[in-house]
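Structure first, then comments.
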Amino acid sequence: CSIIDYLSGEPELAKLYENHSADIAQFDAFLSAPADWDACYDFIHNKLSLSTFKGGKQGYTSEAKENAKRLNGVMKGVKEEAEALISVPYAEAFDRTECMAKYAIIISEAAKRMLLTFRQKKADKNVLDYDDLEHFTIKLLSEHEDVAEEVSKLYDEIYVDEYQDTNDTQEEIIRLVSRGRANVFMVGDMKQSIYSFRHTDPERLFAVKSESYAEYSPGCPEKNVKIALSKNFRSNPGIIDTVNTLFKSLMKKRFGGVDYSGTEVLQSGGTYGSTEYKGPFAILHTIVSEKAPSDQKRDAEAVVLARRIKAIMEEGTLVFDKGTGKMRPIRYSDIAVLIRKAKGVSEIYKNVLELSGIPAFSDGGYGFFNSKELSVLISLLKVIDNPLQDVDLIAVLRSPLFNFDENHLAHLALMNKPYFFDAVKESASNEEEPDKKSRRFMAKLNKWREEASFSGVYDFISRLIEEEGYMSYVSSMPDSEIAVANINIFLNYAKKADSSSYKGLFNFLKYIDDLLNKDMADKNDDASASDINAVRIMTIHKSKGLEFPFVFLCAADSSFYGKETSANIAFDKDLGILIKTFYPEREKLTSPAFLLFKEKHLSSQVSEEMRILYVALTRAREHLEIIETFFETQKRKAEEYLHMP
């Protein structure tokens with residue numbers, strides 16, 4: 001089907017490439033004939049024989065020959081995909097699927113028991129999680145007609161923002177509340193759907209409505225109509241032209257979920273900065289290197305990034321101030337560095353920028369919690385919760401809070417106690433040779449442990465910071481503005497924990513560990529970061545809904561294929577549980593369903609990554625720069641594909 005689809009969109013190709021006419025005829029005949037699995041297997045593996053590309057007839061242009069060569073590659077690729085998908089005769093495919101089904105049933109039953117146990121544990125503690133709130137709402141409204149009717153009457157109109165990020169559960173709640181009335185108004189953009197990990201399904205929910213609803217016009221029906229909002233009021237015309245040029249070539253229905261044409265193409269709604277800033281509005285930096293570890297690639301990109309930011313600042317670049325409606329000199333806070341994933345990357349850029357004299361702020365992730373001012377505070381909280389943690393205890397004792405020097409710590413270590421805390425406690429209670437620093441520490445620790453036992457986490461940490469003058473110490477640090485903001489953001493996490501199930505110091509520290517392990521710091525918790533005069537480094541997901549005069553997209557060459565397709569087990573809401581089966585001789589075999597999942601998942605992943613790229617590029621108001629690193633072999637492939645030096 002891919003070959004026929006490809007040629008239907010390029011009718012001139014079918015005329016030019018006569019040397020492929022026999023290949024095309026084979027596919028035509030096969031697709032129009034009734035066939036079962038074994039017929040497909042026999043055709044693909046035994047009968048289908050593609051011609052070798054010979055460069056086309058004399059007189060063809062070099063471009064036509066190159067396109068013919070690419071078509072030949074496409075046809076071979078389709079054949080290889082089909083061979084992989086229908087790799088064995090039907091009997092063996094059935095045997096593999098039957099074997100997979102046995103394990104799938106076992107896993108399904110185990111999951112059901114786990115879910116029932118989990119529900120009972122939550123019931124025992126009298127708590128509900130967010131999923132429970134949604135599912136119980138659906139159960140209540142679907143099983144009790146009178147309740148659904150009463151709830152529906154409460155709402156004259158229902159507005160849904162960011163509709164492209166709606167999932168099936170949320171859609172069902174909307175349906176039950178509206179009860180079929182024409183009172184639901186949705187706003188969204190398929191091109192900005194980037195939350196598949198939240199189980200959104202834009203192609204089944206958003207795209208179906210967008211494609212089937214009629215364009216609004218006077219006298220049109222009251223239901224199922226749409227109004228295209230194509231104007232972009234964020235970016236100047238130079239940025240919009242760049243985005244349109246790129247995505248007209250990249251984004252198609254098959255990859256991206258939408259054809260970038262018609263009303264999907266951005267139109268400029270604002271012109272600020274377009275006359276004052278002479279451009280270029282978009283710049284691509286490509287670093288070509290020998291094969292090197294990923295962190296070395298990012299080091300090289302960070303150097304380019306630092307040089308560009310220094311140049312922009314030194315040139316006295318002007319940006320548009322939306323508050324005053326006038327141009328003003330650029331500030332560091334006008335610049336954002338966007339990356340796909342923060343873990344293990346954001347700190348590289350932050351460190352290089354700071355070494356270059358550029359203040360930088362990394363939103364969330366490991367860099368945020370591992371900053372000096374927070375690492376000391378978190379270690380102190382861990383010691384208050386449990387002092388038998390040697391690493392954290394020594395970090396606290398060495399900090400400016402207590403100022404234990406190396407000799408003092410060595411003396412305590414030589415006491416050879418099971419825990420370092422035992423040495424501190426004994427040293428503090430020694431009447432013959434009193435250790436004043438140890439006594440001071442023990443007095444404060446006992447006081448803090450008592451207060452933490454009956455105080456909310458936010459109140460306790462706030463009081464501790466104030467009483468110890470910790471904010472004054474932080475204010476004296478280099479880049480103090482960023483350090484103070486980090487403390488305030490941390491306090492926001494404490495406030496959030498107090499209103500959740502993470503109450504108490506122990507649970508709060510577990511919450512912080514969860515954030516560190518999952519790299520899931522919330523964008524809503526760092527509102528104060530926007531007031532810092534520093535370059536902001538953040539993930540593309542966290543930048544959604546924000547805008548910056550200058551945007552740098554870094555690590556643009558990052559691979560994005562996940563582990564799902566290489567795992568031994570996967571789940572798909574259409575295909576179900578998919579397992580690579582192991583036969584008695586331990587040979588790992590893949591079922592046809594798992595191969596189908598792999599193709600489907602890779603396609604949907606490419607589509608989402610394309611939309612993530614779209615979100616990144618449309619964060620820029622006035623200027624956009626992309627920095628990527630290619631290996632030499634990748635550069636040659638790119639040049640061959642793009643026909644460009």
Side-chain angles (χ1 to χ4, degrees), residues 273 277 280-285 287 295-321 328-375 474-489 521 526 528-540 542-543 546-556 616 619-629:
Y277 184 70
F281 295 100
I283 299 175
L284 172 65
H285 302 275
I287 304 170
D295 58 342
Q296 292 183 23
K297 292 167 62 177
R298 303 305 164 226
D299 283 334
E301 292 177 1
V303 171
V304 173
L305 174 66
R307 288 174 180 170
R308 284 295 301 141
I309 292 176
K310 286 177 76 73
I312 290 168
M313 298 300 294
E314 290 170 359
E315 289 167 3
T317 305
L318 299 178
V319 297
F320 183 79
D321 191 312
R328 60 163 173 78
I330 190 171
R331 296 193 288 256
Y332 287 116
S333 56
D334 295 319
I335 302 172
V337 177
L338 305 186
I339 49 181
R340 179 63 179 86
K341 295 179 180 179
K343 189 175 179 180
V345 177
S346 62
E347 282 303 287
I348 295 176
Y349 295 110
K350 182 175 181 289
N351 292 339
V352 172
L353 291 181
E354 289 178 342
L355 287 172
S356 303
I358 300 170
F361 182 88
S362 177
D363 288 355
Y366 279 91
F368 169 71
F369 288 109
N370 285 340
S371 61
K372 182 179 180 180
E373 61 277 3
L374 284 186
S375 62
V474 168
S475 299
S476 66
M477 297 173 63
D479 297 327
S480 60
E481 189 178 4
I482 296 174
V484 169
N486 282 341
I487 297 295
N488 288 328
I489 294 168
D526 64 358
S528 59
S530 60
D531 298 326
I532 307 169
N533 187 26
V535 174
R536 294 185 67 178
I537 304 170
M538 65 174 65
T539 63
I540 298 170
K542 291 188 72 174
S543 75
L546 303 178
E547 60 181 66
F548 302 91
F550 273 58
V551 167
F552 287 85
L553 173 62
C554 293
R619 297 310 94 198
R621 270 176 30 196
E622 298 169 43
H623 186 75
L624 169 69
E625 297 196 22
I626 303 172
I627 304 176
E628 62 183 359
T629 304

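All values reported here derive from a predicted model rather than from experimental measurement. All residue numbers in this chain count up from 1 along the given sequence.
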Do [X] and [Y] have side-chain heavy atoms sitting under 4.5 Å apart?
X	Y	answer
Ile540	Leu553	yes
Phe548	Met538	yes
Leu374	Ile487	yes
Leu305	Ile627	yes
Glu373	Val484	no
Ile358	Ile335	no

With Asn351 via side-chain hydrogen bond (donor to acceptor under 3.5 Å, both in side chains) - residues at least two apart
none
Shortest non-hydrogen contact from [X] to [Y]?
X	Y	result
Ala360	Leu353	CB-CD1, 3.9 Å
His285	Arg308	CE1-CD, 3.7 Å
Ile626	Ala556	CG2-CB, 3.7 Å
Val551	Ala616	CG1-O, 4.2 Å
Ser543	Leu338	CB-CD2, 3.7 Å

Any donor and acceptor pair, going by atom type alone, linking the side chain of Lys310 with main-chain N or O of Ser356 inside 3.5 Å?
yes
Tell me every residue that passes side chain to side chain contact (heavy atoms under 4.5 Å, CB included) with [X], counting only those two or more places apart in sequence or in another chain.
X	value
Leu355	none
Glu315	Ala311, Thr317
Arg307	Val303

Which distance, rounded to the nearest 0.5 Å, do you find between the [atom1] of [X] and the [atom2] of [Y]?
X	Y	atom1	atom2	result
Cys554	Glu625	SG	CD	9.5 Å
Phe552	His623	CZ	NE2	5.5 Å
Tyr349	Ile339	OH	CD1	6.5 Å
Asp299	Glu301	CG	CD	9.5 Å
Glu314	Ile330	CD	CD1	12.5 Å
Lys542	Arg619	NZ	CZ	15.0 Å

Applying salt bridge (charged side-chain N to carboxylate O under 4.0 Å, His left out), can you list everything that pairs with Arg328, at least two apart in sequence or on another chain?
Asp321, Asp334
Checking Arg340 now: which residues fulfil salt bridge (charged side-chain N to carboxylate O under 4.0 Å, His left out) with it, not counting sequence neighbours?
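Arg340: salt bridge (charged side-chain N to carboxylate O under 4.0 Å, His left out) contacts with Glu609.
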